[in-house]
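Below is one structure; the comments refer to it alone.
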Amino acid sequence: MERYDPSAIEPKWRAWWEERGLHHPDLHDTARKCYALVMFSYPSGDRLHIGHWYSYVPADAWARMRRMQGLNVFEPVGFDAFGLPAENYAIKHNAHPADFTERNMAYMRTQLRDMGAMYDWAREVVTCHPGYYKWTQWLFLQLFHAGLAYRREAPVNWCPRDETVLANEQVTPQGTCERCGTPVTRRDLTQWFFRITEYADRLLEGLDRIDWPEKTKTLQRNWIGRSEGAEIRFAVEGRPELEIEVFTTRADTLFGATYLVLAPEHPLVDRITAPDHAGAVEAYRERARRMTEIERTSTVKEKTGEFTGAHAVHPLTGERLPIWVADYVLVSYGTGAIMGVPAHDQRDLDFATRFGLRVREVIEPAREDDDGRAPRTPSRSAGEDDDRAGDAHALVAEGVLVNSGRYDGMRSADAAREITRELERRGAGRPAVKTKLRDWLISRQRYWGAPIPIVHCPACGPVAVPEGELPVLLPYDVDFSLGEGGTSPLGRSESFRRARCPRCGGEGERDLDTMDTFVDSAWYFLRYLSPHDDARAWDPALVDAWCPVDMYVGGIDHATMHLLYARFTIKALHDLGHVGFDEPFRSLRHQGTITRGGAKMSKRWGNVVAPEEYIPLYGTDALRLYLLFGFTFEQGGDWEDSGLHGASRFLNRVWRVYTRNAGLWPGATAPSEQRPDAREPRAGAGPRKPGSSVGGRGPAGPDGVGKSAAERSAARRELDRARHHAILHATQDLERFSFNTALSRMMELVNAVHRFEGDPGDAQEGAFAADSEDGALLRSVLEDLVRLLAPVAPHLAEELWHRAGREESILEAGWPEHDPRILATDEVTVVVQVDGRVRDQMRIPRDLPEHEVRRRAIDHGRIPALLDGREVAQVVVVPNRLVNVVTSGAREKIG
RNA sequence: GCCGAAGUGGCGGAACUGGUAGACGCGCACGACUCAAAAUCGUGUACCCGAGAGGGUGUGUGGGUUCGACUCCCACCUUCGGCACCA
C-alpha cells in the first residue's frame, strides 16, 4: 500500500492553494464576513519557533473551520517591524536595522508559509515601510488635532557616561547602564503623551461588552485601577493663600489624620517649607530626584522623609498637623499629597512609627450581632494589642467610627459619605475618582521607529506637518549608535533635523523622537483591509464592514499594553468619526506557553524547538496536530518528541483507512495522476477499478465480512451514530478552542471505523464494495471524517479529498452537519443507585415520564433484594441519566 | 503584601450548568504477523485485597452542604502568572 509521505503531499497543495488564490477573500462580500486575526510577528532576530506556531496554528484551525462553515474568512499576516531589539542588534553587529529587519522577514515568510495557514499574503502589512508609517503619522496628527496628544516633561533613564537615553530594558536590575555599568540617573525631557486617562471609564465600561477571557479583563481593570473617594483641602497654617489637596478613599478616617505628606516633586514643597528646614528638605528632594524608579521602589521596607516645618489645619477639628515630604507618596497618583492616618493604613503606620508621629484610632471593627445598627460604645479594652510581636498592624478594614465627634457609631461607608458632604458644604472637599492608569508616553529617543510628524518652531511652537507632506521619512543614513551626546539619534542627521515651519515658514526643527511601536500596532488590523491604498489610512466602508475583529489570538503578555492601547486608539478614532465601532476585538483568546525541559524556549538556553527541524521528518500536518492535541490551548505545556510521534501515527491511520478503501470511490484516481506537474506517484498507487480491492485479499461481498445481515445492520447503525456524535462534539469543541477534545472525538470516529471494518485480516485491503450498503455508509463517513480533520491537517485532508474524486478544494466542501435524529436514540441507559451506590443500569425509552422511571427503577434487577424490606424514603430522578433510590435507613447508616 | 489561575494515573490531559472520575492519546505489558527487527493490528493498564465473581480506597490537605462533590462553601498547603508604597 502506498505510504503516507507528507513531504510529497504538503508542498504540492500549498502551491495549488496559492495558484487558485484560495486564501484571498473577496472583501466586498461582507454578508458572512469573519475577520480572524493573530498578533503579528516581530522580526527582531529570533526566528519563529514552535511557540509562535502554538498561537498561529490554532487560530488557523479555527479560521479554516469557519471557512468550511461557509463564512468569508479574512486571515491576514504582517510584521511589527519597528522596535528596539532590531536597533540593538544593528548596533552590536554594525548592521542597519532596515536591512536586518528585511532579512528576518524574508526568512520568517518562508517559515509562515510552511505552516500551511490560510494567510492572505497579498495584503501583508509591514509597519516599518513608509507606506505604512505614513499613516501611523497621520494617526498621530488626528490625535494631536483633537487635543489627545500633548507634550510635557517626563523623566527618562539617562546614562551620564554614554550621554544617552536608555530604555527600561537597558537598565540592569541594579540600576546601572547595561553597556558601561554606570549608575543610571533620571533626566526630564519634554515628551509626547496620548490622553488615554481621559478614556479610563470608557475602557472599563467596554470590557463588559466583549468576549474576552475574564483573566484579561481583570488585568485591565486592575491596571486602570479606578478608585472612588474624596479630595480634601487642608489650609496651611499662617499661609491663607495656600491649600494642600489630598486624595483619600477613606474619608471616614479623616479624624484619624495626624499629619500630611507631600511627594518630593510636589510643587508646593518649596513654598511651604520653613526656612530652618529648607536645607534638609532640599537635600532630601535632590536624593529622590537622583534615584531611579528601581531604587526608589527597591527600598520598600524602610520609610524615609523630612519634616517641612510647616503645619496644616484639620478642616473639621482645626487641629495642627505637621506637613512632611516623603517619597512613599507618588506625584503621579491622586493629588501627589496624602493625609497620614497611621491607625488605619499600614504605610502610614510604618512612617509614623519611624518618625514618632501620633497614632489615633477612629475605626472599630463592626460587630456581627447588631443588624445594621452600630454599637454605642467602643468595646475593645485598652492595651489589648500591646504585646504583639514584631511590626504593628494597622486596622485597615472598614468598621464603625469612634473618636470622630458626631460621626461616632456610624459605619465606614455612611461616614465617608457624610463627612465628604460636610466638607463640600464648607468648601473643603468633594467626591473624586482617581485611576492608576497614566497617560501613554509615546516618545522614544530611538532611531528605529516612525518619526513624530511635528516641526518645532521658535515662533509658533509645535506645528503639525501637513498631511500632504507625509510621510516624514526616516533617514536611512544616520548614526544611531549610542553615546556621542544628545538625546535622539535623529538629531545627528542635519538634513532631517532642519525644517521650515509649516505655519510661518520660518526656520524650525523636526521632532527628533520616534513613536512607541505600540502606536504602530494599535491600528494595523485596519490597514490589512486596504494595505496598498496611498490616499488614505484605511477604507472606512471596508473597515466598518469587517470590524470589529471577530477572533483575535495572541499572548496574554500584551494584556495591559497592546490590547489596552488598541482599545484606546479605536475609541478615540470612533469619537473623531473615523470608524463606526469602539471596540477593536470582539473575541479574544490567549494561547499558553510551550516549554522544553520545563523552561521557556530561548536562544540563550539552547532549548528552542525549530519547526523546520521536524517538518522534514513528520510533516507540517503532524506538527499542527500535535500542537492542537497534545496540550490544553490556554495552558500550553512541555514539548515532547514522543507526542509528535503519536500525532504522526494518527495521520497514518487516517491515511491507511482511506487508501485501503479507495475502491469506494469508483473512477476516482489519485490526484497525483490528475496533475501532470505533480510528483511521480509511488509504487502501488495505480488507478483502481470500481469495486475491486487493491490487495485483492478480502472478500468484497455486498454485506462485507462474514456477518449476518442483522449484525451488519446493527454495525451500520453504530457507525452512523459514532459519526454524528463526532461531528456534533468536534464542532462544538473547535468553536470553543478546545482542540484537544475535538481531536479526541475524531480519533474515536477512526476507532469506530476500525470496528466497523471488522477483522483487520479481512478488512486490510478494502473489503467493501462501493455499491453495497456498507460501502456507501463507510464512504460517506470517511468523507465526513476528512472534512472534520481539514482544519487540523489541511494538506492531508486536501489530498484525501481529491483522491475521493473531488475537484474543488476541501475548504469549499462545506462543514459536515450532525443529524440530531440519529443521536436521539430511542433508548437511553440510566444508572440506578441505592443510597448513592451504583447498583445497576437499565435501558429505558428516552424521556419516559418521571413516575414511570421511578417505578421501573424500584422493580429493576437486584434492586428489590437490596431494599430488603426497608422503606423507600426518596427517589431522585435525573432525566435520562440516573435514578437514586434512597431508603429510610440511609441517614442513620451514615450518621 | 495584593489580585488572578491551577493542583486529577507512570506522562499529556478529559469530565457540559453537582449525576457511572480517568474520555482521547503517549508510555508500558502481553499476544498476532515476521527468520528477526521496525511498522501494523489485537487485548490489558488508577491503587489495594481476591484465581474469579466481587469488595474496598481514591481528583493537594482538613472540615462542611447534598441522596450524590474533581465540581459548591469554609480553613489551610503547594505551584505558576500579574501588580507591586496607587493613599
Side-chain angles (χ1 to χ4, degrees), chain A residues 1 3 213-219 221-223 225-227 229 246-250 253 261 296-301 303 326-330 332-341 344-348 350-351 396 434-438 556-557 559-560 592-593 625-626 629-632 634-635 637-640 642-647 649-650 652-653 656 729 732-733 736 738 740-748 750-751 754 759-761 763-764 829-841 873-887 890-891 894:
Chain A
M1 198 193 301
R3 199 170 62 87
E214 270 312 311
K215 195 200 286 183
T216 315
K217 293 186 186 183
T218 304
L219 282 172
R221 287 191 188 106
N222 293 344
W223 186 260
R226 186 178 194 278
S227 306
V246 304
F247 174 70
T248 180
T249 54
R250 293 296 299 277
T253 65
V261 184
R296 208 165 140 167
T297 52
S298 69
T299 55
V300 173
K301 282 189 220 156
K303 293 266 185 295
D327 68 0
Y328 84 94
V329 174
L330 310 174
S332 47
Y333 182 76
T335 60
I338 61 150
M339 60 180 195
V341 186
H344 307 293
D345 183 288
Q346 191 59 47
R347 296 153 303 183
D348 294 346
D350 295 343
F351 188 77
V396 178
K434 300 290 175 192
T435 58
K436 287 199 247 182
L437 185 68
R438 314 283 161 81
I556 195 172
D557 39 328
T560 54
T593 314
L625 175 61
Y626 172 46
F629 178 66
F631 310 88
T632 306
E634 321 84 74
Q635 281 177 258
D638 210 50
W639 172 273
E640 298 270 2
S642 65
L644 186 52
H645 259 92
R649 181 142 52 174
F650 174 67
N652 267 290
R653 271 159 76 92
R656 280 195 309 273
H729 288 100
Q732 285 178 349
D733 289 352
R736 62 186 177 100
S738 182
N740 53 350
T741 54
L743 272 157
S744 76
R745 301 301 160 224
M746 299 180 208
M747 289 171 176
E748 281 169 349
V750 172
N751 293 341
H754 276 230
D759 183 358
Q764 200 76 49
T829 305
V830 167
V831 174
V832 184
Q833 303 178 335
V834 174
D835 295 335
R837 297 254 161 100
V838 179
R839 293 301 184 179
D840 217 338
Q841 298 190 343
Q874 185 194 0
V875 179
V876 182
V877 177
V878 180
N880 297 325
R881 302 200 71 155
L882 168 142
V883 181
N884 186 18
V885 181
V886 184
T887 65
R891 292 209 137 196
I894 295 160

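Just so we're on the same page: letters track the sequence lines, and every chain starts at 1.
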Taking only the P atom of each, what is the distance from B:rG9 to B:rA5 in whole angstrom? 22 Å
Determine the interatomic distance between C1' on B:rG56 and the same-named atom on B:rG63; round to the nearest Å. 23 Å
Looking at the angle O4'-C1'-N9-C4 for a purine or O4'-C1'-N1-C2 for a pyrimidine, is B:rG9 syn or anti, with syn meaning within 90° of 0? syn
Can you sort out the partners of A:Phe351 under ring pair (Phe, Tyr, Trp, His ring centres under 6.0 Å), two or more places apart, ordered by chain and number? A:Tyr259, A:Trp324, A:Tyr328, A:Phe355
What are the two closest non-hydrogen atoms of A:Asp348 and A:Met339, and how far apart are they? OD2-O, 3.7 Å
Once you apply the 3.5 Å cut-off to both distances, tell me the Watson-Crick or G-U wobble partner of B:rG58, or none. none
For A:Arg438, the salt bridge (charged side-chain N to carboxylate O under 4.0 Å, His left out) test, sequence neighbours excluded, returns none
The criterion is salt bridge (charged side-chain N to carboxylate O under 4.0 Å, His left out); which residues satisfy it with A:Lys436, sequence neighbours excluded? none
Rounding to the closest angstrom, what is the interatomic distance between B:rC24 and B:rU17 at atom C1'? 24 Å
For A:Asp557, the side-chain hydrogen bond (donor to acceptor under 3.5 Å, both in side chains) test, sequence neighbours excluded, returns none
Classify the nucleic acid contact of A:Arg226 as base, sugar-phosphate or nothing, counting any heavy atom under 4.0 Å across all strands shown. nothing
Go through the structure and list residues passing side-chain contact (heavy atoms from CB on, under 4.5 Å) with A:Asn751, not counting sequence neighbours. A:Arg653, A:Arg755
Which value, in whole Å, describes the distance between the C1' atoms of nucleotides B:rC33 and B:rA37? 13 Å
Who pairs with B:rC72 - Watson-Crick or G-U, where each distance is under 3.5 Å: B:rG64
Assign a letter to each nucleotide of nucleotides 18-33 of chain B from its 5' end: B, base within under 4.0 Å of a protein heavy atom; S, sugar-phosphate only; -, no contact. -BB--BBSSS------
Record whether the side chain of A:Lys303 comes under 3.5 Å of the base of B:rC85 through a donor-acceptor pair of N or O atoms. yes
May I ask you to say what A:Thr435 touches in the nucleic acid, namely base, sugar-phosphate or nothing, with a heavy-atom cut-off under 4.0 Å? nothing
N or O in side chain of A:Arg656 less than 4.0 angstrom from B:rA39 OP1/OP2: no
My understanding is that a pair needs two contacts under 3.5 Å, Watson-Crick or G-U wobble. By that rule, which nucleotide pairs with B:rC35? none
Which atoms form the tightest heavy-atom contact between A:Val883 and A:Val877, and what is the distance? CG1-CG2, 4.4 Å
Quick tally for nucleotides 1-10 of chain B: nucleotides whose base has a protein heavy atom under 4.0 Å get B, sugar-phosphate-only ones S, the rest -, giving --SS------
Kindly give the heavy-atom pair with the smallest separation between A:Thr216 and A:Ala559, and that separation in Å. CG2-CB, 3.9 Å
Assign each of A:Leu219 and A:Tyr333 to its nearest nucleotide of RNA chain B by heavy atoms, then name whichever residue's nucleotide is nearer the 5' end. A:Leu219
Contacts of A:Phe631 that satisfy ring pair (Phe, Tyr, Trp, His ring centres under 6.0 Å) - sequence neighbours left out: A:Tyr54, A:Tyr626
Base-pairing mate for B:rU8 - Watson-Crick or G-U, with both contacts under 3.5 Å: none
For B:rG68 versus B:rG13, give the span between their C1' atoms, rounded off to a whole number of Å. 26 Å
With a non-hydrogen cut-off below 4.0 angstrom, is A:Gly225 in contact with a base, only sugar-phosphate, or nothing? nothing
Listed by chain and number, what are the salt bridge (charged side-chain N to carboxylate O under 4.0 Å, His left out) partners of A:Arg736, not counting sequence neighbours? A:Asp733
Provide the Watson-Crick or G-U wobble partner of B:rG1, both distances under 3.5 Å; none if there is no partner. B:rC83
By the Watson-Crick or G-U definition, both distances under 3.5 Å, B:rG42 is matched with B:rC30
